[in-house]
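Presented below is the structure to which this report refers.
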Amino acid sequence: MEYRILGLSGLRVSAVGLGCMGMSHAYGAPADKREMTELLADAVEMGYTFFDTAEIYGTPDCPHHNEELLGEALRPYRGHIVLATKFGLTFDNPYAAGTHALIPDARPETIRRSVEGSLRRLRTDHIDLYYQHRIDPSAQPETVAEVMADFIREGKILHWGISETTEEYLRRAHCICPVTAIQNRFSMMARWHEPLLPVCEELGIGFVAHSPLANGLLTNRYTAGTPFDPVTDYRASMPQYRPESFEKNRALFSLLERLAEEHRATASQISLAWMMNKRPPIVPIPGTRHLFRLKENIGATDIHLTDEEVKDIDTALDTMPLSEVFGGSPIKK
């Protein structure tokens with residue numbers, strides 16, 4: 001495994017992190033606890049040090065399932081890993097099938113309750129990287145940043161970040177309390193946050209990519225007939241998994257196959273290596289429930305694409321037809 005520093009913060013993380021949401025939420029019923037505990041231990045042994053969760057990754061009956069899982073499973077390794085979690089969201093209707101509308105809440109009193117809950121569930125006295133999960137239109141970025149500065153002084157968190165941020169919000173927040181990293185959706189099918197890369201480089205902020213494989217589609221191992229549970233699996237309603245989307249994305253799949261053959265890699269590894277070799281490099285946090293995927297994703301660090309190769313891929317993506325891709329659950333005002 002290779003390791004990287006997020007921006008200028010000094011926070012050292014594995015070049016590929018592990019997004020843990022799917023173990024508990026949005027990709028079917030929660031996985032077996034014993035199996036996920038073993039998988040997390042395997043990840044640490046392989047060299048993964050960057051583990052991502054959030055207070056809302058769970059089920060209606062166990063709303064904080066993922067933080068509780070990680071808190072117990074990663075406790076033996078706490079001194080050697082980076083734990084990232086998030087605050088500031090609740091579900092509008094958690095018992096509804098499929099994706100749920102999100103309600104942002106970044107009031108200082110809410111954030112304080114959230115950090116104490118996450119510390120307890122993660123079984124730790126500090127959170128390494130604490131993200132605002134979504135922007136709350138009713139909360140000023142300066143107000144949120146002031147709370148984060150208080151948490152850092154109190155030792156509750158070491159670093160903070162913002163997920164799905166805009167440039168304006170990021171700059172305003174960063175002026176009050178330096179932001180270590182942003183975590184935005186980014187993949188070959190979701191490049192609308194690419195203009196933030198030079199902003200991050202300018203400000204010395206790391207870029208962490210969630211959903212780097214377009215919610216699994218870029219593994220190139222699904223077909224139009226792959227079934228998903230419409231109640232518990234968000235992929236059942238994601239536009240990139242509609243039957244007609246597979247035909248529309250044929251050129252993308254062909255590109256991945258060609259590059260994979262050239263580099264003796266898999267489609268997933270090419271997708272990850274492409275963003276990891278950008279300037280500045282992106283730290284992806286793909287999720288999985290499977291040991292072979294952990295090994296496959298870590299293998300992306302061995303693929304070194306030149307600037308010219310990355311540019312050529314970008315040009316190809318700019319000109320090829322692509323289906324619509326899931327852009328996140330709706331925000332309820």
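Below, each value reflects all heavy atoms present in this structure, side chains not excepted, and no hydrogens, waters or symmetry copies.
- Closest of all the heavy-atom pairs between E72 and P76 is O-CD, 3.9 Å.
- Side-chain atoms of T319 come within 3.5 Å of backbone atoms of T315 as a donor-acceptor pair (strictly under, hydrogens ignored).
- Applying the ring-ring contact (aromatic ring centres under 6.0 Å, His included) rule to Y234 yields the partners H25, H100; only residues at least two apart in sequence or on another chain are considered.
- Side-chain atoms of Y3 come within 3.5 Å of backbone atoms of G47 as a donor-acceptor pair (strictly under, hydrogens ignored).
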Between side-chain atoms of residues 252-261 and protein atoms elsewhere (two or more places apart, or another chain), which donor-acceptor pairs fall under 3.5 Å?
unit_1, atom_1, unit_2, atom_2, d
S254, OG, R250, O, 3.0
E257, OE2, N220, ND2, 3.2
R258, NH1, E262, OE2, 2.9

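- One N or O on the side chain of R289 and one on the backbone of G22 form a donor-acceptor pair closer than 3.5 Å.
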Check against salt bridge (charged side-chain N to carboxylate O under 4.0 Å, His left out), R34 and E38: CA-CA 6 Å; R34 179 186 58 81; E38 292 176 356; 3.1 Å; yes
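- Among all heavy-atom pairs drawn from A181 and I205, the shortest one is CA-CG2, 3.7 Å.
- A donor-acceptor pair is defined here as one N or O able to donate and one able to accept, closer than 3.5 Å; no such pair exists between the side chain of T219 and the backbone of S268.
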Does the pair K278 and D314 meet the rule for a salt bridge (charged side-chain N to carboxylate O under 4.0 Å, His left out), with working shown? CA-CA 10 Å; K278 280 185 170 288; D314 288 344; 2.9 Å; yes
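- With values rounded to the nearest 0.5 angstrom, L122 atom CG is found 7.0 Å from L70 atom CG.
- Classified by interplanar angle (parallel below 30°, tilted 30° to 60°, perpendicular above 60°), the ring pair Y130/F87 is tilted.
- The backbone N or O of A73 sits nowhere less than 3.5 Å from a side-chain atom of T37 that would complete a donor-acceptor pair.
- Proximity of D105 to T90: side-chain heavy atoms (C-beta onward) are nowhere separated by under 4.5 Å.
- The CD atom of Q269 sits 8.0 Å away from the CG atom of N297 when rounded to the nearest 0.5 Å.
- Residue E168 qualifies as open at atom CD: its count of foreign heavy atoms under 6.0 Å is 12 or below.
- A donor-acceptor contact shorter than 3.5 Å is absent between the side chain of H159 and the backbone of L129.
- Going from atom OG of S271 over to atom CE of M276 covers 12.0 Å, rounded to the nearest 0.5 Å.
- The side-chain hydrogen bond (donor to acceptor under 3.5 Å, both in side chains) search around R121 returns E67, not counting sequence neighbours.
- Considering all non-hydrogen atoms of both residues, A15 and M1 come closest at N-SD, 3.9 Å.
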Verify side chain to side chain contact (heavy atoms under 4.5 Å, CB included) between F326 and T99, making sure each step is shown before the conclusion. CA-CA 11 Å; F326 181 66; T99 58; 4.0 Å; yes
Pair D52-H210, side chain to side chain contact (heavy atoms under 4.5 Å, CB included): steps then yes or no: CA-CA 9 Å; D52 183 88; H210 75 80; over 6 Å; no
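- Atom NE2 of H304 has more than 12 neighbouring heavy atoms from other residues, nucleotides or ligands inside a 6.0 Å radius.
- With sequence neighbours excluded, no residue forms a ring-ring contact (aromatic ring centres under 6.0 Å, His included) with H263.
- The existence of a salt bridge linking E116 and K156 is confirmed by a sub-4.0 Å separation between a basic side-chain nitrogen and an acidic carboxylate oxygen.
- Checking N184 against W192 by side-chain atom types alone, no donor-acceptor pair falls below 3.5 Å.
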From CA spacing to verdict: side chain to side chain contact (heavy atoms under 4.5 Å, CB included), V310, I313: CA-CA 5 Å; V310 172; I313 294 171; 5.6 Å; no
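- Judged by distance alone, with hydrogens and angles left aside, the side-chain atoms of D233 form no donor-acceptor pair with the main-chain N or O of P227 at under 3.5 Å.
- The pair E167-R171 meets the salt-bridge criterion, since a charged nitrogen lies less than 4.0 angstrom from a carboxylate oxygen.
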Verify salt bridge (charged side-chain N to carboxylate O under 4.0 Å, His left out) between R191 and D318, making sure each step is shown before the conclusion. CA-CA 10 Å; R191 296 168 61 205; D318 287 339; 2.8 Å; yes
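- Annotation: side-chain hydrogen bond (donor to acceptor under 3.5 Å, both in side chains) contacts of K311 (sequence neighbours excluded): none.
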For V16 and I298, run side chain to side chain contact (heavy atoms under 4.5 Å, CB included): C-alpha distance rounded to whole Å, both residues' side-chain angles, the deciding distance at 0.1 Å, then the answer. CA-CA 6 Å; V16 177; I298 205 173; 5.6 Å; no
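- Side-chain contact, E296 with T266: a donor N or O sits under 3.5 Å from an acceptor N or O.
- A salt bridge does not link D136 with R107: none of the charged nitrogens is closer than 4.0 Å to a carboxylate oxygen.
- Residues I176 and Y169 fall into different hydrophobic clusters, defined by Ile, Leu, Val, Met, Phe, Trp and Tyr side chains chained together at heavy-atom separations under 4.5 Å.
- Judged purely by atom type and a 3.5 angstrom limit, Y241 uses its side chain to pair as donor or acceptor with the backbone of L217.
- Judged purely by atom type and a 3.5 angstrom limit, D92 has no side-chain atom pairing as donor or acceptor with the backbone of A101.
- For the pair I157 and M148, the minimum side-chain heavy-atom distance is below 4.5 Å.
- With rounding to the nearest 0.5 angstrom, the CD atom of E164 is 8.5 Å from the NE2 atom of H133.
- A heavy-atom distance below 4.5 Å is not found between the side chains of V283 and F207.
- Rounding to the nearest 0.5 angstrom, the gap separating the OG1 atom in T165 from the CG atom in L170 is 5.0 Å.
- Scanning for side chain to side chain contact (heavy atoms under 4.5 Å, CB included) contacts around H126 gives R78, T124, D128, L158, with sequence neighbours left out.
- Under the 3.5 Å distance criterion, the side-chain polar atoms of T226 are matched with a main-chain donor or acceptor of T223.
- The structure places CD1 of I331 at 6.0 Å from CG of L89, a figure rounded to the nearest 0.5 Å.
- Looking at every heavy atom in both residues, S187 comes nearest to S211 through CB-O, 3.6 Å.
- Side chains of N215 and Y27: a donor-acceptor N/O pair is present below 3.5 angstrom, by distance only.
- Atom CD of E244 sits in a crowded spot, with more than 12 heavy atoms from other residues, nucleotides or ligands closer than 6.0 Å.
- Of all heavy-atom pairs between C200 and G206, the closest is SG-O, 4.3 Å.
- Side-chain contact between Y57 and T85 is absent, with no heavy-atom pair separated by less than 4.5 Å.
- When side chains are defined from C-beta on, R134 counts as touching S163, because their heavy atoms get closer than 4.5 Å.
- The shortest distance between side-chain heavy atoms of S118 and I127 falls below 4.5 Å.
- Counting all heavy atoms, side chain and backbone alike, S9 lies closest to T180 at OG-CG2, 3.3 Å.
- Contact of the M23 side chain with the H65 side chain is not registered, since no non-hydrogen atoms from C-beta on lie closer than 4.5 Å.
- Here the side chains of I303 and W274 are not in contact, with every heavy-atom distance at 4.5 Å or above.
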